Amino acid sequence: MEEMEWTSMTEEEFTERFWKAHNKKRDEGEENHWIAEGKRSEWGTYRDVDMEELMETKYMTDDPLNSELIWLNVSSPTRDQLIQLFQKFELHPSLFQRFLQSSGTETFRNFGDYHFVELRAIDGENWTSEDLVIRFIMFPSLVISIHHHQCLVFPQIIYGWKKGGRNLYSRGHAMKDSDWVLRAAFHVIAELLDEHMESISTEVRTLDELTLLFNPENQSELLRRVANCRRILTSISSQITRKRDFCAALSAVVDPNRLYYFDELLFRMEALDEKAQIHRELLSNAHETYMARASIETARISNEISAIILKFSALSSVLIPFIWLTGVMAINISFPGKGTPGDLEEDHSAFITLTCLMVGLAIISLSIFKLKKWI
């Protein structure tokens with residue numbers, strides 16, 4: 001991507017243009033590598049390069065007082081390109097398989113002349129972020145970053161560096177040493193985690209209010225939102241925990257003159273972790289409140305149905321004698337009162353037999369119900 005008027009664009013516009021340019025090169029089959037040079041007396045330069053130019057250039061790796069810091073970024077390298085990089089910079093062979101993998105987790109290893117750092121990024125859509133891994137080879141005056149998937153970290157670092165600002169992106173700090181790249185990457189990831197945590201906070205508060213209102217018509221949607229919020233919160237909490245532990249480990253090995261910044265990052269991660277725990281408790285309480293309200297609502301509806309059934313049962317009890325008489329009188333048998341008055345030869349044996357059978361069946365049914373404790 002060519003140099004542009006950085007001050008005229010917002011961070012979102014620059015990020016969109018950054019990835020649009022790189023995606024275009026990817027679709028056209030071109031390489032997506034770039035180099036950033038931090039000058040001692042000026043802001044420095046940023047430009048796209050191909051692997052051939054990157055490999056032919058000579059770099060100073062062992063002079064921390066060199067007049068410039070070089071940051072090489074290699075995007076989606078092939079196996080042959082990685083072999084060239086390892087040979088050019090004499091990297092340890094044990095790292096080769098790590099660079100071929102697209103997934104990973106926070107790692108720090110000291111190889112004497114350089115440090116190897118593996119860092120997981122976050123983009124808000126891929127919450128597990130197992131594939132959003134950035135690997136750094138950090139010499140005193142040279143940084144090599146290698147990644148297989150695009151993420152928000154790089155364009156935001158470049159935008160902050162070229163735009164300028166206070167503290168991290170000030171003229172006295174930006175692109176002056178290799179540790180700065182790692183601090184900037186951590187800063188961007190912390191900002192992203194903070195933004196996502198704020199959105200989660202809003203969602204948790206909204207769900208908490210909705211559980212108190214309890215609209216039966218929106219139960220499925222509410223449960224879906226609670227489950228989705230819990231899933232995202234769990235993933236973010238896992239990210240924060242890893243970053244917190246990683247910051248604590250880095251604080252023990254970085255230059256003491258720059259220790260304050262990693263201590264600040266550690267404090268920030270601890271604050272985010274505490275906020276995540278609070279939100280987990282709020283979400284859990286909201287879910288328990290919802291289930292309690294749902295149980296109460298279910299019991300209320302059950303009681304209403306029972307009351308309606310009780311009315312129909314009472315009505316059925318009133319009508320049963322009439323139904324029985326109607327059924328018996330409809331049978332073509334002789335029963336008392338049906339024949340001609342004074343007829344002494346009427347045979348009521350069929351009626352008596354049927355009546356005894358019905359009474360017997362009723363007694364048997366009541367006995368079974370009583371035995372099973374249904375009544």
Side-chain angles (χ1 to χ4, degrees), residues 11 103-109 115-136 138 147 149 151-154 156-157 160 167-169 179-209 211 225-256 258-290:
E11 186 175 335
S103 60
T105 187
E106 280 69 20
T107 305
F108 175 87
R109 293 178 65 182
H115 295 156
F116 167 72
V117 178
E118 188 173 270
L119 191 62
R120 289 171 60 184
I122 185 171
D123 66 356
E125 296 179 357
N126 184 4
W127 293 103
T128 59
S129 302
E130 293 179 355
D131 294 332
L132 298 178
V133 176
I134 309 168
R135 295 180 174 92
F136 295 96
M138 304 176 64
H147 59 98
H149 300 274
C151 59
L152 296 175
V153 173
F154 295 117
Q156 292 192 14
I157 293 177
N167 299 327
L168 184 66
Y169 295 111
D179 285 347
W180 179 87
V181 176
L182 184 59
R183 298 200 305 269
F186 254 109
H187 175 77
V188 171
I189 293 174
E191 289 289 334
L192 291 172
L193 287 172
D194 205 4
E195 291 177 8
H196 296 321
M197 187 59 68
E198 286 299 321
S199 64
I200 288 295
S201 300
T202 303
E203 179 69 2
V204 169
R205 288 193 294 268
T206 302
L207 292 174
D208 191 41
E209 294 175 359
T211 53
R225 289 177 62 179
V226 169
N228 186 59
C229 187
R230 179 173 289 178
R231 176 181 62 84
I232 294 174
L233 185 57
T234 300
S235 298
I236 291 181
S237 298
S238 176
Q239 281 262 24
I240 292 172
T241 301
R242 289 191 177 96
K243 300 295 186 295
R244 181 198 64 194
D245 296 341
F246 193 53
C247 285
L250 284 178
S251 297
V253 297
V254 298
D255 187 340
R258 305 185 184 100
L259 183 60
Y260 72 93
Y261 193 81
F262 286 98
D263 285 342
E264 181 183 343
L265 279 173
L266 178 59
F267 175 78
R268 190 171 184 179
M269 290 300 163
E270 289 176 345
L272 284 173
D273 187 44
E274 182 178 354
K275 186 182 294 186
Q277 292 180 6
I278 293 174
H279 291 330
R280 278 200 301 268
E281 292 178 3
L282 288 175
L283 192 60
S284 179
N285 292 338
H287 185 259
E288 291 177 0
T289 301
Y290 170 81

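These numbers were taken from a predicted model, which means no experiment stands behind them.
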With distance as the sole test, does Glu118 use its side chain to make a donor-acceptor pair with the main-chain N or O of Thr105 at under 3.5 Å?
yes
Counting only heavy atoms not in Glu274, do more than 12 fall under 6.0 Å of its CD?
no
Taking it one step at a time, do Val133 and Leu119 satisfy side-chain contact (heavy atoms from CB on, under 4.5 Å)?
CA-CA 6 Å; Val133 176; Leu119 191 62; over 6 Å; no
OG1 (Thr289) and CG (Asp208) are apart, to the nearest 0.5 Å, by 7.0 Å
Charged N-O contact under 4.0 Å between Arg244 and Glu270
no
Point-to-point distance, once rounded to the nearest 0.5 Å, from CZ of Phe136 to CG of Asp179:
11.5 Å
Is the shortest side-chain heavy-atom distance between Met197 and Ile240 below 4.5 Å?
yes
List the steps, then state whether side-chain contact (heavy atoms from CB on, under 4.5 Å) holds for Val153 with Ile134.
CA-CA 9 Å; Val153 173; Ile134 309 168; 4.0 Å; yes
Please identify which of these residues, Arg230, Arg225, Arg231, meets the salt bridge (charged side-chain N to carboxylate O under 4.0 Å, His left out) condition with Glu203.
Arg225
Side chains of Asp194 and Lys275 in contact at under 4.5 Å (non-hydrogen atoms):
yes
Taking the side chain from Thr206 and the backbone from Thr202, do they hold a donor-acceptor pair closer than 3.5 Å?
yes
Atom of Ala190, atom of Leu265 and distance for their closest heavy-atom approach
CB-CD2, 4.4 Å
Let me see the working for His187 and Gln156 under side-chain contact (heavy atoms from CB on, under 4.5 Å), right down to the final yes or no.
CA-CA 10 Å; His187 175 77; Gln156 292 192 14; over 6 Å; no
Using only atom types and a distance under 3.5 Å, with no angle test, would you say the side chain of Asn285 pairs donor to acceptor with the backbone of Glu281?
yes
Trace of the side-chain contact (heavy atoms from CB on, under 4.5 Å) decision for Met269 with Leu193:
CA-CA 9 Å; Met269 290 300 163; Leu193 287 172; 4.1 Å; yes
Taking NZ, NE, NH1 and NH2 as the nitrogens, is one of them in Arg268 or Glu191 under 4.0 Å from a carboxylate oxygen of the other?
yes
Could you grab the distance from atom OG1 of Thr241 to atom CD1 of Ile236, nearest 0.5 Å is fine?
11.5 Å
Is any side-chain heavy atom of Phe246 less than 4.5 Å from a side-chain heavy atom of Thr107?
no
Are His147 and Phe154 close enough that their ring centers fall under 6.0 Å?
yes
To the nearest 0.5 Å, atom CG of Leu207 lies from atom SG of Cys229 at 5.5 Å
Find out whether Arg242 and Arg120 are in side-chain contact, i.e. whether some heavy atom of one side chain is under 4.5 Å from a heavy atom of the other.
yes
From CZ (Arg135) to CZ (Phe116), nearest 0.5 Å
6.0 Å
Side-chain donor/acceptor of Ser237 to backbone N/O of Leu233, under 3.5 Å
yes
